[in-house]
Enquirer: 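Dumping the structure here so I can ask a few things about it.
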There are 2 protein chains.
Amino acid sequence: MEVTPPRRRMGSPDSAVSNQLLDATERVMREEGYAAATSRRIAEEAGLKQQLVYYYFETMDDLLLAAFKRRTSRALERIDEEAASRQPIQTIWESWNSTVDAKLVFEFFALANHHDGVREEVNRFMAAARRKHAEAIARQVDEHGLDLGPFSPEALSFMLFSTALLLGREEAMGLTIGHTDVRKLFDWGIARIG
Amino acid sequence: MEVTPPRRRMGSPDSAVSNQLLDATERVMREEGYAAATSRRIAEEAGLKQQLVYYYFETMDDLLLAAFKRRTSRALERIDEEAASRQPIQTIWESWNSTVDAKLVFEFFALANHHDGVREEVNRFMAAARRKHAEAIARQVDEHGLDLGPFSPEALSFMLFSTALLLGREEAMGLTIGHTDVRKLFDWGIARIG
DNA sequence: GTCTATACACCGATAGAC
DNA sequence: GTCTATCGGTGTATAGAC
């Protein structure tokens, strides 16, 4: 009968300091990579003492997971708001392009390769986003008698995400070969569907 | 006048041991992430002493870069061979799907966020692959009077890579929503073009 | 070419005072 | 809630013997 193991005392997960630490974690991960997201480096970035990290988070793994969960819960709120859009496909495309922090996403995706908690949360978020987007697209297709051509709502949901993410990554890295053509292609296709 | 700084003596970059270390580096990065790619962990994985790493590579950054360069030089050879294919689009699609080690690619892409040498090498490789693929596609379009529809060769080159990479990543993570639809979509589109 | 030994920085995490 | 002090472990990298 697994009982909660003995723990040291801890602070509120929604406190101001806790959020400062999560902000600092995002900055460090974006600029220096997940390997640099240590308790010392994050505390320094937040202007706090290293040991405070362990007052607000059980372990470093917990802190990293909390940082990702804060992002996904905000993103899911946004997705729910946008689901009611009059032109969901256009809205989804613009939303991924403007909100996806590609460098950070690649750090979290790499982290997910070997961090069980983060992987589960990435999968949970990606599954929810894909389903919600596919439903919003399918609803609009029904209501307005649109023609998606060879795209299923799920396939379109996948393509909008994967394309925006890779375009964002390459732009952040200074590589843009074919990008104007791809953006024209998506603008054309989205306008064509309605 | 920058002179090569004084260095400790070093072994051949093409030796058997050197390649064992690069093999071990790939395994560690794939299974445990780039943060685990330390001299101790890699040497242990290769069954060698930690200090040997510094006989074959100047620094850990050099080792990581060498590991990535070995992959890209092999991949570019393959791309050159496949450029002569009778059906380059089909060949490129199948090649990305069968050769891209998605977990490892995400580790190197995340590493590229903050490792200058790796970023430059990633950009060099991606630019070369995109151009070579676009040229192969354009040549085939010319010779056989194909119709790419709204796709430019560069845009198609981009989409084949980004889609195969993200499909591969999600499959490796156990997430497959919409995948059969996306694969059907690409099979259909590629068959349609010719 | 590979070994032993080692310097020194940084890591996660805890104990207990204030 | 935040502090000082500290533990044991691991990191990169070097020196020099064999």
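Note that these values count all heavy atoms, side chains included, but never hydrogens, waters or copies made by symmetry. So you know, we letter chains A, B, ... as the sequences are listed, proteins then strands, and number each from 1.
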Enquirer: With a 4.0 Å limit, can you tell me whether B:Tyr56 has a side-chain N or O closer than that to the phosphate oxygens OP1/OP2 of C:dT2?
Expert: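 Yes, within the criterion.
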
Enquirer: Rounded to whole angstroms, how far apart are CG on B:Asp62 and P on D:dT12?
Expert: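 Answer to the nearest Å: 13 Å.
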
Enquirer: Identify, with sequence neighbours excluded, every residue that meets side chain to side chain donor-acceptor pair (under 3.5 Å) alongside B:Glu82.
Expert: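 Side chain to side chain donor-acceptor pair (under 3.5 Å) check on B:Glu82 returns B:Arg78, B:Ser95.
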
Enquirer: Rounded off to whole Å, could you give me the CD-to-P distance for the B:Gln50 and C:dT6 pair?
Expert: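 Nearest whole value for this atom pair: 15 Å.
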
Enquirer: Output every pair passing salt bridge (charged side-chain N to carboxylate O under 4.0 Å, His left out) with a member in residues 179-188 of chain A, not counting sequence neighbours, ordered by first then second residue.
Expert: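 Listed by first then second residue: A:Glu171-A:Arg183.
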
Enquirer: May I have the distance from A:Glu45 (atom CD) to C:dC10 (atom P), rounded to whole angstrom?
Expert: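 Distance, rounded to whole Å: 16 Å.
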
Enquirer: Taking atom types as modelled, is there a side-chain donor on A:Glu121 or A:Thr72 under 3.5 Å from an acceptor on the other?
Expert: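 Result is yes, a qualifying pair exists.
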
Enquirer: Looking only at the side chain of B:Val17 (C-beta and beyond, no hydrogens), which of the listed nucleotides D:dT2, C:dT2, D:dT4 gets closest?
Expert: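 Side chain of B:Val17 sits closest to C:dT2.
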
Enquirer: Does anything in residues 19-43 of chain B reach DNA chain C, meaning a heavy atom under 4.0 Å, and if so which residues?
Expert: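 Close to the strand, none.
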
Enquirer: Look at the side chain of B:Glu58 and the base of D:dA13, then say whether one donor and one acceptor between them are separated by less than 3.5 Å.
Expert: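 A donor-acceptor contact between them is absent.
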
Enquirer: Contact class for B:Phe57 (heavy atom, under 4.0 Å): base, sugar-phosphate, or nothing?
Expert: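 Here B:Phe57 touches no strand at all.
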
Enquirer: Out of D:dG1, C:dT2, C:dC3, which nucleotide sits closest to the side chain of B:Lys49?
Expert: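 Looking only at heavy atoms from C-beta outward on B:Lys49, the closest nucleotide is C:dC3.
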
Enquirer: Distance check needed: C:dC3 P versus B:Leu48 CG, whole Å only.
Expert: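 It is 8 Å, rounded to the nearest whole Å.
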
Enquirer: Does B:Phe158 have B:Arg130 sitting over its ring (NZ/CZ under 6.0 Å from centre, angle to axis within 45°)?
Expert: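 Here B:Arg130 fails the 6.0 Å and 45° test against B:Phe158.
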
Enquirer: Between B:Glu26 and B:Arg71, is there a side-chain N and carboxylate O pair less than 4.0 Å apart?
Expert: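 Salt bridge present between B:Glu26 and B:Arg71.
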
Enquirer: Tabulate atom names and distances for all N/O pairs under 3.5 angstrom spanning the protein and nucleotides 15-18 of chain D.
Expert:
unit_1 : atom_1 : unit_2 : atom_2 : d
D:dA17 : N6     : B:Arg9 : NH2    : 3.2

Enquirer: Any side-chain N or O of B:Tyr55 below 4.0 angstrom from OP1/OP2 of C:dT2?
Expert: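 So the side chain of B:Tyr55 is outside the cut-off, no N or O lying under 4.0 Å from OP1 or OP2 of C:dT2.
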
Enquirer: Would you mind classifying the nucleic acid contact of A:Ser15 as base, sugar-phosphate or nothing, using non-hydrogen atoms under 4.0 angstrom?
Expert: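 Nothing, no heavy atom under 4.0 Å.
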
Enquirer: Using whole Å, report how far CG of B:Leu63 lies from C1' of D:dG11.
Expert: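 Taking atom C1' of D:dG11 as the reference, CG of B:Leu63 is at 14 Å.
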
Enquirer: A:Trp96 and A:His133: ring pair (Phe, Tyr, Trp, His ring centres under 6.0 Å), yes or no, with the steps?
Expert: CA-CA 11 Å; A:Trp96 280 136; A:His133 281 164; 5.5 Å; yes

Enquirer: Can you tell me the distance, in whole Å, between the CD atom of A:Glu44 and the P atom of C:dA9?
Expert: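 Taking CD of A:Glu44 and P of C:dA9, I get 16 Å after rounding.
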
Enquirer: For the side chain of B:Tyr54, counting heavy atoms from C-beta on, which of D:dT14, D:dC3, C:dG1 is nearest?
Expert: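 The nucleotide sitting nearest to the side chain is D:dT14.
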
Enquirer: Once salt bridge (charged side-chain N to carboxylate O under 4.0 Å, His left out) is applied, what residue pairs with a partner in residues 96-116 of chain A remain, sequence neighbours excluded?
Expert: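 Salt bridge (charged side-chain N to carboxylate O under 4.0 Å, His left out) check on residues 96-116 of chain A returns A:Arg30-A:Asp101, A:Asp116-A:Arg119.
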
Enquirer: Residues two or more places apart in sequence or in another chain: which of them pass ring-ring contact (aromatic ring centres under 6.0 Å, His included) with B:Tyr34?
Expert: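 ring-ring contact (aromatic ring centres under 6.0 Å, His included) list for B:Tyr34, sorted by chain: A:Tyr34, B:His114.
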
Enquirer: Keeping B:Ser98 on the side-chain end and B:Glu94 on the backbone end, is there a donor-acceptor pair under 3.5 Å?
Expert: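 Side chain of B:Ser98 to backbone of B:Glu94, a donor-acceptor pair under 3.5 Å: yes, one is there.
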
